[in-house]
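Read the structure below first, then the notes.
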Protein chains: 2
Amino acid sequence: MSHTLGIRQAQKQKTRQAFLDAALALLEEQSLSSLGLREVTRAVGVAPTAFYRHFRSTADLGVALVDEALGSLHPMVKTTVSTAGDSEERITRAVELIARHVEAYPAHVRFIARERHGGVQPVREAIRDQLARFADEVKAELAKDPQADGWSDDDLLMLAHLYVDQMLITASLFLEALEASQDEREQVAQLATRQMRLISIGRRHWLD
Amino acid sequence: MSHTLGIRQAQKQKTRQAFLDAALALLEEQSLSSLGLREVTRAVGVAPTAFYRHFRSTADLGVALVDEALGSLHPMVKTTVSTAGDSEERITRAVELIARHVEAYPAHVRFIARERHGGVQPVREAIRDQLARFADEVKAELAKDPQADGWSDDDLLMLAHLYVDQMLITASLFLEALEASQDEREQVAQLATRQMRLISIGRRHWLD
DNA sequence: TCATCCAGTTAACAACTGTTCTCTGGAATT
DNA sequence: AATTCCAGAGAACAGTTGTTAACTGGATGA
């Protein structure tokens, strides 16, 4: 299936990626609904009309960015939840993983946090759908745990959403603390850890 | 202290409020960073230059909107937390209060959710500061509860932030379901209730 | 009553926006 | 080798933007 792309297709994909990269960079200081088509092409170094060869509109570009950003997030979520060890150790590792991800892909995280409730409907919907998929995956992982015995499907999904939202909140906090002192980032980590711990305690006593 | 405003000051405040209202309406379908000065004045029905008599920039207007939106939210948070009754009854009433607030001030809720991570720094900071104040108030209310005996200040604040974030998430879900069926809104309410319940359970067993 | 103040107006500015149509030159196909 | 294809360029469009300066006329305070 992996047919080597022709020179033409390869160049096109390269330009397309340049659009995505440039847009992501521009979006660190504004939101998608104010991102101009010409602004992006200027940053890439191509003519404004070249934009239309790849995207219908900036909203369309935004949807493509959702895929890229949350695509890179998928492995994180999975490993975060399915990490071995006791509950406390799991939490510590999960928080650390989130911190690492934010350091590795700050622009992606910022984009998702910003546009999740942003002013562009198709993008909001794309993010909502992807996060729902995440929640489903988390739910599937949770179901494997013996702790989940006796839990209804609804309750498992409820907990999964709680975890996903908590991850996003934590990621956003790490993002704000990215250029802050080591101490401040440590404080974010401890806050997130304790919140996760409290949720885990609630989980453990859910069926009481 | 309530000196009756002169005709002049009264008219000015009226126009200012018209700016805030018009902006809030326009922001239902876009974000602040794309809100144009002329766009707002056009909606109000005044000359573009009149804008400068009230705000330095649209970012400045945004900060004013934060005060208005979260000002109206303050009473809700207080009554939500300090409601009497057992834990289960409290939660139900809290979720209902959030639902009512979203129905009463949908544009305010949307604005806060959207701009909390939006593209305009001063507005983000204003929201962050106000939410921190909320968390402090919630913490103060939590401290009154006998359940808080033995809790450290840090842990109380941690829980307060968890509650505040959870309120925002719930409000945002209600907002999305505003024009949906009664069933769908009921489902949101049940999800939020169960998540709150799980957090409360975690709270109850925190010191185990 | 008269001078001062000031919210809102009018006009003009250079700079920017999204979109259309036409063109080009090299890759892809036959 | 000849033909088709198509990513990107170029030029032009009407419409928009934020900001400036100078103004008007009614409320305000002496």
Side-chain angles (χ1 to χ4, degrees), chain A residues 1-23 25-27 29-65 115 118-123, chain B residues 1-23 25-27 29-65 115 118-123:
Chain A
M1 283 305 284
S2 70
H3 181 260
T4 331
L5 260 47
I7 295 180
R8 207 165 184 167
Q9 294 279 335
Q11 178 56 38
K12 182 171 184 180
Q13 282 213 355
K14 207 173 158 186
T15 309
R16 187 190 137 97
Q17 190 58 46
F19 275 125
L20 294 176
D21 293 346
L26 290 167
L27 285 173
E29 286 166 344
Q30 60 183 311
S31 33
L32 184 63
S33 82
S34 67
L35 184 70
L37 170 162
R38 294 183 100 107
E39 200 178 353
V40 183
T41 58
R42 200 183 308 129
V44 173
V46 297
T49 46
F51 186 88
Y52 293 107
R53 299 286 177 198
H54 300 271
F55 310 98
R56 258 179 243 277
S57 61
T58 49
D60 195 23
L61 186 157
V63 172
L65 273 177
E115 301 304 331
V120 184
Q121 207 196 30
V123 172
Chain B
M1 284 307 282
S2 71
H3 182 259
T4 327
L5 259 49
I7 294 181
R8 207 165 183 166
Q9 294 279 336
Q11 179 56 38
K12 181 169 184 181
Q13 282 213 355
K14 206 171 157 188
T15 309
R16 187 190 139 98
Q17 190 58 45
F19 274 125
L20 294 177
D21 293 346
L26 290 166
L27 286 172
E29 285 166 344
Q30 61 183 311
S31 32
L32 185 63
S33 82
S34 68
L35 184 70
L37 169 162
R38 294 183 101 106
E39 200 178 352
V40 183
T41 57
R42 201 183 308 129
V44 173
V46 297
T49 47
F51 185 89
Y52 293 107
R53 298 287 176 197
H54 300 270
F55 310 100
R56 259 179 242 278
S57 61
T58 49
D60 195 23
L61 187 157
V63 172
L65 273 177
E115 300 304 330
V120 183
Q121 208 195 30
V123 172

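Convention: sequence-line order gives letters A, B, ...; per-chain numbering from 1. Keep in mind that the numbers below use all heavy atoms, side chains included, and drop hydrogens, waters and symmetry copies.
Using a 4.5 Å cut-off on side-chain heavy atoms (C-beta onward), B:Leu32 and B:Leu65 make no contact. Residues A:His54 and A:Lys12 have side chains in contact (heavy-atom distance under 4.5 Å, counting atoms from C-beta outward). The side-chain heavy atoms of B:Gln17 and B:Leu20, taken from C-beta on, include a pair separated by under 4.5 Å. A heavy-atom distance below 4.5 Å is found between the side chains of A:Val46 and A:Phe19. A 4.5 Å side-chain heavy-atom check between B:Tyr52 and B:Leu37 finds at least one atom pair inside the cut-off.
Ranked by how close their nearest DNA chain D nucleotide is to the 5' end, A:Arg16 and B:Arg8 are led by A:Arg16. Residue order along DNA chain D, read from the 5' end via each residue's closest nucleotide, puts B:Thr58 first among B:Thr58 and B:Ile7.
With rounding to whole Å, A:Lys14 atom NZ is found 11 Å from D:dG8 atom P. Distance NZ (B:Lys12) to P (C:dT9): 14 Å, rounded to an integer number of Å. For the pair B:Phe51 CZ and C:dT9 P, the computed distance is 14 Å after rounding to whole Å. Protein atom CZ of A:Arg56 is 12 Å distant from nucleotide atom P of C:dT19, rounded to whole Å. If you measure from atom CD of A:Gln11 to atom P of C:dG25, you get 17 Å, rounded to the nearest angstrom. What separates CD of A:Gln9 from P of C:dG26 is a distance of 19 Å, to the nearest Å. Rounded to a whole Å, the NE2 atom of A:His54 is 11 Å from the C1' atom of D:dC6. The nearest whole Å value for the distance from the CZ atom in A:Phe55 to the P atom in C:dT19 is 15 Å.
For B:Glu29, the CD atom sits in a loose shell: 12 or fewer heavy atoms of surrounding residues, nucleotides or ligands are nearer than 6.0 Å. Atom CD of A:Gln9 is surrounded by 12 or fewer heavy atoms from other residues, nucleotides or ligands within 6.0 Å.
You won't find any donor-acceptor pair under 3.5 Å spanning the side chain of A:Thr49 and the base of C:dT20, going by distance alone. At a cut-off of 3.5 angstrom, counting only N and O atoms as typed in the model, there is no donor on one side facing an acceptor on the other between the side-chain of B:Arg53 and the base of C:dC6.
Counting non-hydrogen atoms under 4.0 angstrom, B:Ala47 reaches a base of the nucleic acid. Counting any heavy atom pair closer than 4.0 Å across all strands shown, B:Tyr52 reaches a base atom. Nucleic acid contact for B:Ser57: none, since no nucleic acid atom lies under 4.0 Å from a heavy atom of the residue.
Here the side chain of A:Ser33 pairs a donor or acceptor atom with the backbone of B:Ser31 at under 3.5 angstrom. Proximity of a side-chain donor or acceptor of A:Thr41 to a complementary backbone N or O of A:Phe51 within less than 3.5 Å is not detected.
To the nearest 0.5 angstrom, B:Arg38 atom CZ is 14.0 Å from B:Thr58 atom OG1.
Across residues 33-44 of chain B, B:Gly36, B:Leu37, B:Arg38, B:Arg42 each have a non-hydrogen atom less than 4.0 Å from an atom of DNA chain D (numbered order).
Consecutive Watson-Crick or G-U pairs involving DNA chain C, each under 3.5 Å on both distances, make up stems of three or more pairs at C:1-12 with D:19-30, C:14-17 with D:14-17, C:19-30 with D:1-12.
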